[in-house]
Amino acid sequence: MSTTKKALSLSAASAVLAFAMLTAPAHAAEVAADTPIATASADDASEVDAIVVQGFRKSLGVARQMKRDSSIVADVIVAEDMAKFPDLNLAESLQRLPGVAINREAGEGRRVSLRGLGPDYTRVQLNGMEVLGNVDSPMDSRGQTSRDRAFDFNIFASELFSKIDVRKSFSAEQDEGGMAGTVGLYTAKPFAYDGRKMALSLQGGTNSATEDFQPRVAGMFSQNFDDKFGVLVSVAYSKRQVEEQGYNTYGAGQQKANAANVVNLSASDALKATNGELIFQRGNRLSVWGADNERLGVTTALQWRPVENVTLTLDGLYGKFSNDRSENHLATRASVGSTILGAATPHSGVTTAAPVLRSIQYDQYNTIIYADVANTVFATETRRQETENTFKQLVLTGEWEVSDKLKFDGHIGQETSDYDIPISDKFYTEAFGDLITDYRGKTAKNIYGWDTTDPNNYRAHEIDFSATYQTTKLKNAEFNGSYQFDDTFTLKGGVSFRGFENSGYTQTNDDVNKTAWEKGTLDDHVNSYYKIFREHDDQSWLIVDWNKALAAYNVTRTLGAPKSIYAVQEDTNAGYLQLDWKTELAGMRLRGNVGARAYDTELTSTGVMAVRGVNTPTTVKKSYSGVLPAFNAVLEVNDQFQIRAAAAQNINRPSLAAYAMNGSISVDGSTVTVSSGNPNLDPYTSDEFDLSAEWYFGSIGMLTAGVFHKKIDNLVSSTTTNALYSDTGLAEGLVTGVTASTPVIYTRSVNNASATLSGLELSAQSDFFFLPGPLKNLGMVANLTLIDSETTNKINGKDVKGQIYGLSDVNTNITLYYETTKWGARVSSNYRSDYTIDSGGFEATTYVDAAAFYQLSPRIRLTLDGVNLTDEREAQYNSFYVYNSTTGVNVTQPGAHRLWNHTKSGRTVFFGANIQF
């Protein structure tokens, strides 16, 4: 996003907040903080001269009250009605809260970042249990088959949930971990409704890129037998096609051209190119990612109250999210790093001449921004992939009010998440021709000097088969008790166990037929099985029909033995004591809590090390423990204004990939090289502070301002050092002659970084009923978050400064709504500034979504939803690292952001009906 656009976004957010502050006194004067606002049915809307609390406005009011009553820093979103969450996607609802940023996959919300820290730092709980689902993206650069602690919110339909809360400050009664905060997801319960209640949501939609029909159906049934026994069942199903397309690269790097590549260049340019001073993009490809995805979710809840003071709840949840994916690319694939450079290439039994650069242009960073090349090597990649993510959870919760003073509660549960990619195959064809590639604009453009749709220009090159399997399991038990001494003090305590396991492996069979096709001993003509791919807006090219291609060569899909085998087992026992209080200070009500949580974690990492090419099983164990103090206080200055303060210590456990015991040991003469995961990593630790002020007025009005600060230690980065074999933690005897005292070159993740993070959160929500006539039905919700951070990475004894990955320093959201008893509409704009990831980052984005309804009858509501209405472009860039002789480390080249992915996914619109019975 341009600086001008960013400034406009900030100005808009500031203007909204200022407007809300100016109008709040008028609002407060007309309606006191505890004054109820009238409600009415859809049939008498014309006779009501007050703001009606229903739908989106009602959900804002209920959520505001929950936030107000909380003892910690928190925000809440609640469903508007049965099977009617405010947004189609849970992540898209969360982005309306201050401090929350999301990233999207094919236009749909996928993952959540909180207060500047990435998804790996945000713990997600479902019905009180931590959710550790396996995550995935069709793009390698966005984390395909990731093994981390993040959660993909697009696995579940929003209609299955009744509430989401975001706990931003830590208290002792919370599970440790998730130093950014905890997102709690809650499915509906039968005791929340009277008698029998049913709801049905029917929607149909389409996307501007795929132009398909996208059904979306949800239903819920609840029966409450006098609050003694209740049963609730809900089902949600959806199916849609998605597509992202644009320009894509593999990354960039300094590449050495050979003499044949530079014969037409000036002497100075030829010298730079052959010396490896110039940075060339790899791949230079046009890309389309497509998928047919299908989502099914089922929840059940049984509640039983055998006696008045005991409530048992059994929750079950089943989710299945499957994708049939296709990827199609037209790329450069010459022998020097898949750039436009390369040597003469063997092809169909002959050797094709090397590419020749006709002209080049490069910037001040020596990055190629324009190139005209003759006879470079091209490849088309036809990829097919089937994925399936299956989630199951069963949790039994109990509450026992022994007396007015003594209470117990707890839960026991188990969940599994299986992520399978049984098919992930690639078929490459090869071609030769001229190309002009131009990076001088906001995106790149290719001009092809050959017919990319003529099958006679292509030859088969290779076939790659692969499969990946991951399983995550969690067992959780928790028991809590509380005793209220008097109206002032309540003592709480509890113990818990969490047993977490993540395991997986891959299988491959690469380069099928490649050698035979290169030597010309196997017919490599594609004429009998090609197709013309016309989905990209800029160019059409040739791809293959998989079934015909495999039949043409009598190839049976086979896979090799499992490899990259790993298993991480993490068992944690924890306990806490917490004192809650409600008292007075100088005539003002003061409430809060203080406590400490102790934890003990044992980690076992099992994997396979490739020792001189031979897979060798190995196991490493690690344990750690600690105590985390926490303090939260709320000072209620008056009925409308309160101040919050919080201070705590928390931890965050490293990603699973960092723990996984995979790697290799190689010996070259006297040099021993070891590369592995590091189960000996310590958790990240943070000191956290919050201070905020909140003003409540009317039924939904709210103005809040808060600051927060985190000091984080023990962050992880990958390093290569000289060490002894004993430092690796690996068993002796894996390699003959390598002992504990053998010097090795050791690459692994280590705790060698720290960070500070400070932020400001501003939020406002208000009705505009002080306006005349129909304008009184307007309202607005707005928030702005500003964050500043710095990391210090200790490399080779030197401090290297940087920024936290995934952190956007500016996030803002504005929602304008208009709502009566008969109809309503709202539009939301969410801005997220640019942020970095490892080896690159993402440019700023502004997403616009909208929703509208028409109350056809008291029970039937027609709905219209629009997602990504501006067809926002996701722009991902990569950074090139160079050696800094002053610091002695590799650092990002200043300003050298180079295109990685530029994609669009289209606009999505849904029309439907919500029916209440």
Rounded to the nearest 0.5 Å, how far does [atom2] of [Y] lie from [atom1] of [X]?
X: N502; Y: Y419; atom1: CG; atom2: OH; answer: 13.5 Å
X: S417; Y: N389; atom1: OG; atom2: CG; answer: 4.5 Å
X: Y121; Y: N652; atom1: OH; atom2: CG; answer: 6.5 Å
X: I814; Y: Y831; atom1: CD1; atom2: OH; answer: 12.5 Å
X: M179; Y: T122; atom1: CE; atom2: OG1; answer: 11.0 Å
X: E843; Y: E874; atom1: CD; atom2: CD; answer: 10.0 Å

Look at [X] together with [Y] and state whether they make a salt bridge at an N to O cut-off of under 4.0 Å.
X: E872; Y: R832; result: no
X: D152; Y: R295; result: no
X: K239; Y: E294; result: no
X: R653; Y: E176; result: yes
X: D315; Y: K189; result: yes

Within the distance-only criterion (no hydrogens, no angle test), does the side chain of [X] pair as donor or acceptor with the backbone N or O of [Y] below 3.5 angstrom?
X: S828; Y: T815; value: no
X: E819; Y: F56; value: yes
X: Q393; Y: L126; value: yes
X: S322; Y: E388; value: no
X: D418; Y: T390; value: no
X: N323; Y: R325; value: no
X: R907; Y: S208; value: no
X: D871; Y: G906; value: yes
X: D834; Y: A844; value: no

task: Would you sort out whether S503 and T471 count as a side chain to side chain donor-acceptor pair (under 3.5 Å), showing the intermediate values?
output: CA-CA 5 Å; S503 59; T471 296; 4.9 Å; no
Residues L94, F153; criterion side-chain contact (heavy atoms from CB on, under 4.5 Å); working and verdict: CA-CA 10 Å; L94 284 166; F153 284 83; 3.8 Å; yes
Locate the shortest heavy-atom distance separating [X] from [Y]; write the atom from each residue and the value.
X: D849; Y: V867; result: OD1-CA, 3.4 Å
X: G779; Y: L816; result: O-CD1, 3.3 Å
X: S234; Y: L160; result: OG-CD2, 3.5 Å
X: S789; Y: I804; result: OG-N, 3.7 Å
X: S829; Y: T846; result: OG-CG2, 3.5 Å
X: I77; Y: S93; result: CD1-O, 3.1 Å

Qualifying residues under side chain to side chain donor-acceptor pair (under 3.5 Å), relative to R115, sequence neighbours excluded: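 Scan of R115 (side chain to side chain donor-acceptor pair (under 3.5 Å), adjacent residues dropped) gives D690, E761.
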- prompt: Which residues pass the side chain to side chain donor-acceptor pair (under 3.5 Å) test with D212, sequence neighbours left out?
  reply: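 If we apply the side chain to side chain donor-acceptor pair (under 3.5 Å) test to D212, skipping adjacent residues, the hits are T210, Q214.
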task: Could you go through the side-chain contact (heavy atoms from CB on, under 4.5 Å) check for F151 and V183 one step at a time?
output: CA-CA 10 Å; F151 178 71; V183 176; over 6 Å; no
query: Any idea how F842 and Y835 line up, ring-wise: parallel (<30°), tilted (30 to 60°), or perpendicular (>60°)?
result: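 Rings of F842 and Y835: parallel, under 30°.
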Can you tell if the side chain of [X] reaches within under 4.5 Å of the side chain of [Y], non-hydrogen atoms only?
X: T313; Y: V395; result: no
X: L97; Y: N783; result: no
X: K197; Y: P190; result: no
X: I423; Y: R384; result: yes
X: S424; Y: T468; result: no
X: M66; Y: D165; result: no
X: R64; Y: K67; result: no
X: L784; Y: V810; result: yes

- request: Check the pair R104, I102 against side-chain contact (heavy atoms from CB on, under 4.5 Å), reporting the backbone distance first and the verdict last.
  value: CA-CA 7 Å; R104 302 202 184 198; I102 71 171; 3.9 Å; yes
field: Under the ring-ring contact (aromatic ring centres under 6.0 Å, His included) test, residues paired with F910 that sit two or more places apart
entry: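 ring-ring contact (aromatic ring centres under 6.0 Å, His included) list for F910, sorted by chain: empty.
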task: May I have the step-by-step check of side-chain contact (heavy atoms from CB on, under 4.5 Å) for I700 and Q765, ending in yes or no?
output: CA-CA 7 Å; I700 72 162; Q765 66 182 45; 4.1 Å; yes
task: Run the numbers on N650 and Q174 for side chain to side chain donor-acceptor pair (under 3.5 Å), then give the verdict.
output: CA-CA 10 Å; N650 203 350; Q174 296 180 46; over 6 Å; no
Examine the side chains of [X] and [Y] and answer whether a donor and an acceptor come within less than 3.5 Å of each other.
X: Q245; Y: E243; answer: yes
X: R123; Y: T182; answer: yes
X: R873; Y: T845; answer: no
X: T187; Y: N127; answer: yes
X: Q203; Y: D865; answer: yes
X: N207; Y: T908; answer: yes

message: If the test is side chain to side chain contact (heavy atoms under 4.5 Å, CB included), which one of L474, L394, T472, N476 qualifies with E415?
response: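 Option passing the side chain to side chain contact (heavy atoms under 4.5 Å, CB included) with E415: L474.
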